[in-house]
Structure formats: structure tokens, C-alpha cells
J.: 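Let me begin by handing over the structure; questions about it come next.
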Number of protein chains: 2
Amino acid sequence: MKRATLRDIAQVLGVTVATVSRALKNYPDISSATKQTVLATAERLHYAPHPMAVKLRQQAYKVVGVVVPDIVHPFFSDVISGIVDVMEALGYHIILSQSNESYEKEIRVTQMLQATGVDGLLVCLSNETVSIDHLRALQEYDLPVVLFDKISPLLDASSVVTNDFQGAYDAVAHLLDQGYTRIAHIKGPPHPENTRQRFLGYQAALAAYGLPFRPEYVAECHTVTHEEGATFALRFMALPEPPQALFAVSDSVAIGAITALKEAGWRVPQDMAVIGFSDWSVCRMLEPSVSSVSQPGYDIGRRASELLLREIRQLREELPPEHSRVVLDATVQVRQSSLRPTAG
Amino acid sequence: MKRATLRDIAQVLGVTVATVSRALKNYPDISSATKQTVLATAERLHYAPHPMAVKLRQQAYKVVGVVVPDIVHPFFSDVISGIVDVMEALGYHIILSQSNESYEKEIRVTQMLQATGVDGLLVCLSNETVSIDHLRALQEYDLPVVLFDKISPLLDASSVVTNDFQGAYDAVAHLLDQGYTRIAHIKGPPHPENTRQRFLGYQAALAAYGLPFRPEYVAECHTVTHEEGATFALRFMALPEPPQALFAVSDSVAIGAITALKEAGWRVPQDMAVIGFSDWSVCRMLEPSVSSVSQPGYDIGRRASELLLREIRQLREELPPEHSRVVLDATVQVRQSSLRPTAG
DNA sequence: ATCGGTAACGTAATCGATTTCGGAACGCCA
DNA sequence: TGGCGTTCCGAAATCGATTACGTTACCGAT
């Protein structure tokens, strides 16, 4: 069964396509009698407007592109979910691409998305990305771009990020508030700004509580895996004066650390309190349940979508697009792994 | 900067759009001199073909729709990742939608996808879905549909699924091979066929090894959460003759069971061996590391994509579309939680 | 001088829907 | 009867690219 067109309906009724089009869109200058018959035959022929024809006229696709480094990642799943919910409510669809943390691929997919004809782009930069010329090129063709999570100060665009600094600060403050004074940190690699901010938040919290920064209490990941968490946790324990608490840059590292500590005979949190970052769903399933800093992935997706939709609207109305910078707080989820046993 | 059209180039050079179009597509009946200048000015004006115009002519969008019940789920992330990889390699894009396990929403999003103009659909049915008329309607308009993971025998379409029966059978056989004879199962709710197959695989393995089916060793989940895993595991332990091993319908249930058992003073796997289903990434991070049956999510996405692309191609060539039914094996990942300590 | 051939390009239809500009038909009033 | 205003609809342009089908001009051959 081939799909019916306006012409098909017009031929059946002996009118022109213009009349049919206007009847279907309920124009006032079409008699209600004609409207009736048009609607009836449209129904009968299972008419549906041809998407591309409409979009060619309207110059609006109602589709936005989404680029994330890695689809298979709980955080990005959350973000995407937030994006989809907002976009679908307004009749927009999303085209999903992943950069695999590759700068080359990021350039490729953004260009492909532009060529596909999206109305805007939601991008989380890859870790490799240094130049943002490929995104600037999109903007020059009036294609709005909103960055989220991993952003670049070089691009004049709206952005939505987690307050990693504050999240880390709060996590460490939570440990400090309980009276811990020797707090270690397993930090991420230097490059992604996000994990650097967590390290800075860690330092700032120590400073705010008048505690010295002890380099021997800081380890730096390369792979950010649970193996590294295990290695560094045990290394900390071997220090002459081992730390009492650990703030890990990610949940995988935190879980690796906890697992290794328990296997080595230490108790969590009695011998070492641990708190992670990201709040994976398994955190609450473990024993002890793992404290973590939860990133508002879903909200990041929502807010980024709203900003993009606003810019798309402004562009359609020939207004200069406004750019906003949204920073969402991360919230500490206190569970057993970081709760200091009441002395007694 | 407005995007250049063929007409812009044509006006600059004093030729017609036809010439420009043919020059850009390297037609033989255009002089190389003209081609040179056309290419040069196309470059200069940053010409890029208008996607909708091309698609309207060609009647092919190079976009497929993907519908999953829930984006925020490791398994579906894997599937989506596989889909994206295959599709992008062939210049296709994917439009992502989620049904939130709602029949109503599944109908809505599939219709929206059709209206948006996709070349085909990859669908995982929601748990609620009973009738598949909405998908049949798509097929009648020559829109190929491929089902994956949760499928329906009522729809004549290609499908790709995990062999849940075999995965469950192998998991239980792995326990039986080690000499366990009292094996419990925490099964899923009756409806999704997938978890029912796991239950059947459990039963079949017992039968194959000549062991009786003991109803007191089977519990049925409603929410399929770690809390239920905890509850049922402890209930099993309270039996006069507790089971020695447990096959859980999901990893969340398995992890909940392990956590509860350990907290209650039992040892895993010494007092109770446990194996889950899905092979979440955390399984290998825990202590003991959790055995599980890994579903080939990425491959399911790949295979489903290939089938869909084949049907799209066949449809373009006016051939009758062939339907295939692909069943991919699940593989048992043996880790500590299900390894019987060597007696001695 | 006429014919056939070919290189190189133009004309116009086409994809399907939307929209501006008219235009016929009718009624109403002077 | 002439003029004006509605009502309802048709003609045609438009969105941008593609392509079947001419058409021109120039060549060599007869």
C-alpha cells in the first residue's frame, strides 16, 4: 500500500491540492461541506503528510542531534533520558551519536548531524577534544549548539554542568564534619576538567577546615578502574600514618577500594570511611552501602534541552540567541560506607 | 551567514542550477572547465546540499527509529551502542525513543517516528504491550520493523533475541556440574517471556540432571529489586533443608541476595553459591565477584541493525522482504560467587 | 551545402506540501 | 442594471535538488 498524497485526495474529489491542504488545516475560507468530504477521504486513504515535503517548506526538522562520548555509561543514559523526555513532549526527536572519546569522530559525527539537517545540537565534548572549530562552524550556519557536562570555555555557547567542585567539597566536608582529619583522595587524570574540579574541591574543603594538604594522601588514576581503587587504597593503608577516610573520584574506584580493603581484613567504615562520586545504582545494593555524590544527569539533560529549544525558537524569530550557563549542584548521598561509627 | 543553494552558485557563474548540480556530481557531460569553477565557488560559498530537498527527491532519509522501554538500563545501552555503530558506518542515523514500558506510549512514539519519516524501526516491545496492531500498521506502509529482546510471535517480522532458556540452563548446569543438588531460583514475574524462559531453563537443567523440581526452592519476584533478592535468600536459608545454590533472575536480585546473606553471617559461595543474570559491570568489582549470565546486548543491536538494513535495501529494490529470526547465546561468566570450594 | 554526430548546457518536470494572489459566482443594495 | 462585498476555490510560486529531455553550436563527412 503506497502512502496517499494530497494529489490523490484532490483527484478523488475533483478539487485541487490547495483546497485539500487548506481543508485539512482547517482554513476559514473552505466550506464546511468540503472540509467534511476532504477529511473523510483523507481518512479513507490513510493520508499522512509527507515529512520531508513539510520540512522542506517549513525549514524546520524538529530533530536535534545529541553527541555523547559513550552511550554505555549510566550518567549519559540519565542525561539522554532527560533530553528525550523534554524533547518528545514538544514533538521533537533526537538523533543519537557517540564520539567514543575521539576528537576525530566527534568532528565526523557533528558534521554528519549537520548534513542530516538537525535543528540544533546537544554536545558533551570528548576528553580528546582540544579545538572547538568544528562547533564554531556549526554556529556560523545558524545551528545552535548547547554543551553539557564536558564543556569548553572557548566556545560562546550555552552550557549545563555539574558543580563538581561543590560536590567534592561537600563530600569531603561530610567526612570532616564527622571528625575525620586524615582524608585521602584518589583523583582522576589531569585532563577532563570535571575530575580536576573534584580534586580542587577536595583541597578547598581541607583548607576551609584548617587542615594541611598532604601529598602522600593523594593518588592519581590513569584508567579510573576498580583495580586502581584497590591498589591505591592498600597503598594508603601501608603508610606510617594511614588516612581514616577516602574520597574517590568515581564509584568504580570507590567500590574497588572497598572491596580490596575488606578482602585485606580492614573494615569499612570503621578502619576507612569511603565515599565515591556518581551514585551508581549499585551503591545502595552493596554491603556496606556506598556513599556517593550524585550527579543530576537527568536534570542536566532537561536543562540543556530547554536551553537549546529556546535558542532554536529565538533563531526562528530572528532574535539574537541568548546564551546561559547553568551549574547544577551535586548532592551527597550519605550511606554506610562513610558514616563514622559513634565512638563509645 | 545563510547557507548557499545551488541557485546561488548558478547566479554567480551565470549558469543554471542544472549545470551546477551536474558539475558537483561529476556528470560526464559537463566540461572540466565548468566543473572547476563550480567546485571552486561551491567551496567558496560553503555550499552543502539541503538535506530535506535531497530526501524529498530521493525518498530515502537514512534514518531509523529505535524504541526501547528504558534508555537508562545497561542492557539497552549496550544494544543502542551496537545499533549506532552499525548504522553510522553506513551513514545512517538513529532516532531514539523510549516507551517507559507503557503500551500507550509505545503506540505514540512509533506513530511519531513514522510521521517523522524514518526508513525503518527497531523495536523492543514494552512489558505492557499485548496487541501489535500499531506495528502491523507500519508494515502496511512499507516501513520495515525489526524486533529485538522482547518480541511478539504475533508479528511477522525479523527478530533478534537472547537465548534466555539456554543461558539459564547453562547457569544451572554450571552449578549442577560442581555437585550442587539443592538449587533454588528466584524467578521474575510471569509476563515478560524472557524471564519465563529463564525459569524454564532452570527447570530443564534440573530435569536433565535427574533432580526433582522442588517448589519450595522457587520464589517469584514482583519488583525484581535487590530487596526482593535479600528477602527471598533469607527465606530460603530458613527452610528445614536450605538450598546450596541460587540462580537469580537478575543481577540486582543476585547482589541483593549476596549482600543479605553476608550480613546475616552466611558465606558466599561456601554456604550458598549465587549466580545472576545480565552481567552488570559491577559484578566483577564486588567481593566475592559475582557470577552471571551475560546477554549479548551489543551484538543484538548489531544483528538487528543488519537485518533492518537488509529489509530496507530489499524494499528499495522492490523485492519481497525476507524475515529472519536470530537467537544469540548467552554466556555464563563464572566468578567467585558460584565456585564451589574444593572439598578438603 | 546538407547531413549526422557529439560535446556542453538549458528547460522544465518532479518530489509533496504550503501559501500568496487572484477570480468566479453569488447576493445585496441602490 | 451596475457596483460592491462575500464566499469558496483555483493557479501558480515556492522550498532546494535531481534528472529526463531537449537544444545549440560546432565538427567532419559527403
Side-chain angles (χ1 to χ4, degrees), chain A residues 1-39 41-42 45-63 114-119 141-143 316, chain B residues 1-39 41-42 45-63 114-119 141-143 316:
Chain A
M1 187 194 303
K2 274 285 141 249
R3 56 187 316 154
T5 68
L6 284 188
R7 199 201 327 258
D8 297 332
I9 302 177
Q11 278 177 348
V12 169
L13 297 180
V15 295
T16 64
V17 291
T19 305
V20 177
S21 173
R22 281 183 287 228
L24 289 174
K25 307 196 80 190
N26 204 24
Y27 273 51
D29 56 350
I30 299 290
S31 72
S32 46
T34 309
K35 279 179 189 169
Q36 295 273 330
T37 55
V38 168
L39 252 74
T41 54
L45 299 181
H46 294 102
Y47 168 79
H50 188 113
M52 298 313 155
V54 175
K55 285 160 191 172
L56 176 58
R57 266 312 297 241
Q58 244 96 69
Q59 302 287 31
Y61 199 10
K62 287 217 151 199
V63 169
Q114 183 188 20
T116 308
V118 296
D119 294 322
Y141 285 96
D142 282 346
L143 198 62
R316 230 194 348 253
Chain B
M1 190 194 300
K2 276 283 142 248
R3 55 187 316 153
T5 69
L6 283 189
R7 190 189 346 242
D8 297 333
I9 302 178
Q11 278 179 346
V12 168
L13 297 180
V15 294
T16 64
V17 291
T19 306
V20 177
S21 174
R22 282 184 286 229
L24 288 175
K25 305 194 82 190
N26 204 23
Y27 273 50
D29 56 349
I30 299 292
S31 73
S32 46
T34 309
K35 280 178 188 168
Q36 295 272 330
T37 55
V38 167
L39 251 74
T41 55
L45 299 181
H46 294 101
Y47 170 79
H50 187 113
M52 305 315 157
V54 175
K55 286 164 187 175
L56 175 58
R57 264 315 297 245
Q58 244 94 68
Q59 301 287 34
Y61 322 118
K62 290 214 149 198
V63 172
Q114 183 187 21
T116 308
V118 295
D119 293 321
Y141 285 97
D142 283 346
L143 199 61
R316 231 195 346 253

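Naming convention: chains lettered A, B, ... in sequence-line order (proteins, then strands); numbering from 1 in each chain.
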J.: To the nearest angstrom, how far is A:Gln11 atom CD from D:dG10 atom P?
T.: 13 Å
J.: Given atom OH of B:Tyr61 and atom C1' of C:dG16, what is their separation to the nearest angstrom?
T.: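 Atom-to-atom, B:Tyr61 to C:dG16, this comes out as 10 Å.
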J.: Nearest heavy-atom pair of B:Val54 and B:Pro49: which atoms, and what distance?
T.: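 Minimum heavy-atom contact is CG2-CB, 4.0 Å.
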J.: Do the side chains of B:Thr116 and A:Lys55 get nearer than 4.5 Å, heavy atoms only?
T.: yes
J.: Specify the angle, to 10°, made by the local axes at the two ends of the helix from C:dA1-D:dT30 to C:dA30-D:dT1 when five pairs are taken at each end.
T.: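 Inter-axis angle at the termini of the helix from C:dA1-D:dT30 to C:dA30-D:dT1: 80°.
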J.: Do any of residues 22-32 of chain B sit with a heavy atom less than 4.0 Å from DNA chain C, and if so which?
T.: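 When residues 22-32 of chain B is checked for heavy atoms under 4.0 Å from DNA chain C, the hits, listed by number, are B:Arg22, B:Asp29, B:Ile30, B:Ser31.
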J.: Any side-chain N or O of A:Ser21 less than 4.0 Å from the OP1 or OP2 oxygen of C:dT18?
T.: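 The answer is yes; a side-chain N or O of A:Ser21 sits under 4.0 Å from OP1 or OP2.
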J.: Search all heavy atoms of A:Ile9 against all heavy atoms of A:Val20 and return the closest pair with its distance.
T.: CG2-CG1, 3.8 Å
J.: Given side chains that start at C-beta, do those of A:Met52 and A:Tyr61 come closer than 4.5 Å, heavy atoms only?
T.: yes
J.: Between P on D:dA17 and CD on B:Gln58, what's the gap in Å once rounded to a whole number?
T.: 12 Å
J.: Specify the residue among B:Val15 and A:Thr19 whose closest nucleotide of DNA chain C lies further upstream toward the 5′ end.
T.: B:Val15
J.: Over how many whole Å does the gap from A:Leu6 atom CG to D:dG10 atom C1' extend?
T.: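 A:Leu6 atom CG is separated from D:dG10 atom C1' by 15 Å.
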J.: CG of A:Asp8 versus P of C:dG16: gap in Å, rounded?
T.: 9 Å
J.: Quick one: is C:dG16 close enough that its OP1 or OP2 comes under 4.0 Å of any side-chain N or O from B:Gln59?
T.: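 So the side-chain polar atoms of B:Gln59 do come within 4.0 Å of the phosphate oxygens OP1 or OP2 of C:dG16, strictly under.
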J.: Side chains of B:His50 and A:Gln59: does their closest heavy-atom pair fall under 4.5 Å?
T.: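 The answer is yes, as the side chains (C-beta and beyond) meet within the 4.5 Å cut-off.
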J.: Output yes when at least one side-chain N/O atom of A:Thr34 is less than 4.0 Å from OP1 or OP2 of D:dC9, else no.
T.: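 Yes, such a contact exists.
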J.: So how far is it from B:Leu6 CG to B:Thr19 OG1, rounded to the nearest 0.5 Å?
T.: 10.5 Å
J.: Show the atom names and distances, to 0.1 Å, of all donor-acceptor pairs under 3.5 Å that link a side chain in residues 22-33 of chain A to residues at least two apart or in another chain.
T.:
from	atom 1	to	atom 2	distance (Å)
A:Asn26	OD1	A:Lys35	NZ	3.1
A:Ser31	OG	A:Thr34	N	3.2
A:Ser31	OG	A:Thr34	OG1	2.7

J.: Taking C-beta and beyond as the side chain, do A:Asp8 and A:Tyr47 meet within less than 4.5 Å on heavy atoms?
T.: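 Not touching, per the 4.5 Å side-chain cut-off.
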J.: Using whole Å, what does the distance between atom C1' of nucleotide D:dT18 and atom CE of A:Met52 come to?
T.: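 In whole Å, D:dT18 C1' lies 17 Å from A:Met52 CE.
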J.: Check A:Pro51 against B:Gln114 and note the closest heavy-atom contact, atom names and distance.
T.: CG-O, 4.3 Å
J.: Can any side-chain N or O of A:Asp119 pair as donor or acceptor with the backbone N or O of A:Ala60 at less than 3.5 Å?
T.: no
J.: What is the distance from CD1 of A:Ile9 to P of C:dA17, rounded to the nearest Å?
T.: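 Distance, rounded to whole Å: 8 Å.
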J.: Grab the NZ-P distance between B:Lys55 and D:dA17 for me, whole Å please.
T.: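 Whole-Å distance recorded here is 13 Å.
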J.: By nearest heavy atom, map B:Arg57 and B:Thr16 onto DNA chain C; which one lands nearer the 5' end?
T.: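 Here B:Thr16 is the residue nearer the 5' end.
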J.: Just to be sure I understand the rule, does A:Val20 reach a base, reach only the sugar-phosphate, or reach nothing, if contact means heavy atoms closer than 4.0 Å?
T.: nothing
J.: Quick check on C:dC15: is either OP1 or OP2 less than 4.0 Å from any side-chain nitrogen or oxygen of A:Arg7?
T.: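 Checking C:dC15 against A:Arg7, a side-chain N or O does come within under 4.0 Å of OP1 or OP2.
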